[in-house]
Amino acid sequence: MPEGHTLHRLALDLTDAFAGQQVRVGSPQGRFDAEARQLDGQVLESAEAWGKQLFLEFPGERFVHIHLGLIGKLAITPYDGEVPPPVGQVRLRLVGREHLADLRGATACDLWTLEQRDACVAKLGPDPLRDPEDGGDPDRAWKRIGGSQRSIASLLMDQAVLAGVGNVYRAELLFRHRVDPLRPGASLSRRQWDAMWDDLVGLMRTGVERNRIDTVRDEHTPEAMGRDPRVDDHGGEVYVYRRAGQPCHVCGAVIRTAALEGRNLFWCPGCQRRYRPRTAVRAVRGATPRR
DNA sequence: GCGTGATGTTGAA
DNA sequence: TCAACCTCACGCC
């Protein structure tokens with residue numbers, strides 16, 4: 001689940017469930033035990049997301065830093081009376097008045113100082129889910145993208161360029177703007193980038209509201225097109241992500257996939273026409289066709 | 001029931 | 001470029 005929308009949604013849900021309360025903090029699995037002991041019984045002051053990073057603030061400028069990675073989950077559940085025993089490898093457990101939260105499979109769960117938190121945040125590009133004055137300024141991303149010969153597909157996934165975008169939003173954003181994933185960042189116009197950013201803000205806000213990624217426009221929904229809704233663990237309605245070999249909802253061309261920097265890229269060869277620069281010969285690197 | 005792959009990142013080779 | 005992290009839904013038996 002974890003692109004930026006998941007972490008922002010978790011921050012909201014954690015705030016509702018725990019903020020302002022004394023919480024029991026534990027690490028049934030043990031790997032966070034020493035840190036958990038220091039926080040046990042303290043008030044959870046706030047929960048905040050920056051891109052895919054999640055920070056839980058405790059008194060004394062101490063922050064639990066969580067990064068879910070690919071397979072991590074943070075499950076918040078209400079309980080009534082007895083607290084159920086942990087199931088599986090629970091790295092971190094928070095117990096409040098009415099809810100408990102269990103963290104499993106995360107890449108990172110650390111107890112950080114304010115300085116460590118600030119250093120992490122300082123390395124991140126702007127987050128479309130944050131206010132422009134508070135970490136969500138698209139100009140900062142454009143400064144990196146507009147001058148780069150790297151592919152826009154690579155740039156969008158680079159958390160130092162843009163924070164919170166993952167493989168699904170990348171593929172879908174490029175599709176919605178009919179952009180060839182391998183185009184150099186510098187070949188985009190400022191106007192085009194602004195349109196992409198604005199779109200991303202809307203898509204990701206919808207993602208926070210629905211807690212899933214939906215990117216198809218009204219005219220391409222299953223209801224509008226009379227097609228079956230998507231059924232898999234991703235769940236959202238999308239144009240190209242994990243649809244390789246299937247027909248494009250818009251033009252009918254067969255969706256393609258290729259590995260780029262270790263991640264699967266998906267695009268429609270009909271809607272996202274190959275970009276060819278006017279002058280220089282473009283070097284195509286790093287993309288290996290598959291299937 | 002078992003094997004696979006996945007919305008991510010780090011650190012070693 | 002690849003293994004590791006260590007979860008969970010899915011397809012297939």
Side-chain angles (χ1 to χ4, degrees), chain A residues 1-10 27-32 49-55 65-77 86-93 101-110 112 116 119-121 123-125 127-129 153-175 181 200 203-216 228-246 257-267 285-288 290-291:
Chain A
M1 309 276 225
E3 296 196 25
H5 70 298
T6 304
L7 289 119
H8 280 267
R9 175 58 181 261
L10 278 171
S27 179
Q29 175 215 46
R31 279 182 61 185
F32 193 64
W50 283 82
K52 298 170 189 169
Q53 319 287 328
L54 179 63
F55 297 101
H65 166 248
I66 293 170
H67 194 292
L68 294 179
L70 184 59
I71 63 177
K73 304 267 191 280
L74 181 51
I76 304 168
T77 48
V87 176
Q89 299 272 308
V90 177
R91 178 103 56 97
L92 168 68
R93 169 170 270 197
D102 281 341
L103 176 69
R104 297 184 185 84
T107 293
C109 178
D110 309 294
W112 277 2
Q116 288 174 300
C120 173
V121 166
K123 288 178 193 156
L124 297 172
D127 177 347
L129 288 171
S154 174
L155 289 161
L156 289 175
M157 290 277 279
D158 184 339
Q159 302 299 298
V161 174
L162 198 59
V165 170
N167 210 10
V168 184
Y169 281 122
R170 164 175 79 171
E172 295 299 306
L173 185 71
L174 291 171
F175 176 89
L200 197 48
L203 289 172
M204 292 183 75
R205 284 182 182 167
T206 301
V208 173
E209 282 164 25
R210 300 186 190 171
N211 212 3
R212 65 178 222 178
I213 301 177
D214 286 297
T215 62
V216 297
D228 289 336
R230 186 183 180 93
V231 278
D232 66 10
D233 57 338
H234 160 244
E237 284 298 330
V238 292
Y239 286 108
V240 294
Y241 176 71
R242 282 226 250 174
R243 293 198 64 247
Q246 297 176 243
T257 187
L260 176 70
E261 294 170 359
R263 307 302 300 278
N264 292 323
L265 186 59
F266 300 88
W267 76 98
R285 288 180 313 245
T288 315
R290 198 169 85 175
R291 192 166 6 210

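All figures in this text were calculated on a predicted structure; none of them were measured in a lab. Residue numbering restarts at 1 for every chain, and letters A, B, ... go by the order of the sequence lines.
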Could you work out, with salt bridge (charged side-chain N to carboxylate O under 4.0 Å, His left out) as the rule, every residue matching [X], not counting sequence neighbours?
X	answer
A/R210	A/D214
A/D158	A/R150
A/R243	none

Between [atom2] on [N] and [atom1] on [X], what's the gap in Å once rounded to a whole number?
X	N	atom1	atom2	answer
A/I213	B/dA6	CD1	C1'	12 Å
A/R104	C/dC8	CZ	P	6 Å
A/Q89	C/dA4	CD	P	17 Å
A/N211	B/dT7	CG	P	18 Å
A/L74	C/dC8	CG	P	12 Å
A/L103	C/dC5	CG	P	16 Å
A/R243	B/dG5	CZ	C1'	19 Å

Run the side chain to side chain donor-acceptor pair (under 3.5 Å) test against A/E237 and tell me which residues pass, sequence neighbours left out.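 Result, side chain to side chain donor-acceptor pair (under 3.5 Å) vs A/E237: A/R227.
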Non-neighbouring partners of A/Q89 that pass side chain to side chain donor-acceptor pair (under 3.5 Å), sequence neighbours left out: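 Counting only residues at least two positions away or on another chain, A/Q89 forms a side chain to side chain donor-acceptor pair (under 3.5 Å) with A/Q29.
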C/dC8 versus B/dT10 - spacing of their C1' atoms, nearest Å: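 Taking atom C1' in both C/dC8 and B/dT10, they lie 22 Å apart.
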Between B/dT9 and C/dA9, how far is it from one C1' atom to the other, in whole Å?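 Roughly 22 Å separates the two C1' atoms.
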Which protein N or O atoms sit under 3.5 Å from an N or O of nucleotides 8-12 of chain B?
| residue | atom | partner | partner atom | Å |
| --- | --- | --- | --- | --- |
| B/dG8 | OP1 | A/K52 | NZ | 2.8 |
| B/dG8 | OP2 | A/N167 | N | 3.2 |
| B/dG8 | OP2 | A/R263 | NH1 | 3.0 |
| B/dG8 | OP2 | A/R263 | NH2 | 2.3 |
| B/dG8 | O4' | A/G69 | O | 3.4 |
| B/dG8 | O4' | A/L70 | N | 3.4 |
| B/dG8 | N2 | A/T107 | OG1 | 2.8 |
| B/dG8 | N3 | A/L70 | N | 3.4 |
| B/dT9 | OP2 | A/K52 | NZ | 3.3 |

Test of understanding: with ring-ring contact (aromatic ring centres under 6.0 Å, His included), list the residues that count as partners of A/Y241, not counting sequence neighbours.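 By the ring-ring contact (aromatic ring centres under 6.0 Å, His included) rule, A/Y241 matches A/H234, A/F266.
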Identify all pairs in which a protein N or O lies below 3.5 Å from an N or O of nucleotides 2-4 of chain B, and state each distance.
none

Applying side-chain contact (heavy atoms from CB on, under 4.5 Å), name anything that partners A/R93, two or more places apart in sequence or on another chain.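 side-chain contact (heavy atoms from CB on, under 4.5 Å) list for A/R93, sorted by chain: A/P28, A/V83, A/P86, A/V90, A/V95, A/L100, A/D102.
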Looking at A/E172 and A/R170, would you say the former's side chain and the latter's main chain have a donor-acceptor pair under 3.5 Å?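 No.
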Can you check whether A/Y169's main-chain N or O pairs, donor with acceptor, with A/E3's side chain at less than 3.5 Å?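 Pair found, side chain donor or acceptor close to backbone of A/Y169.
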So does A/Y241 get a side-chain nitrogen or oxygen closer than 4.0 Å to the phosphate oxygens (OP1/OP2) of B/dT7?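 Answer yes for this pair, as a side-chain N or O of A/Y241 is under 4.0 Å from OP1 or OP2.
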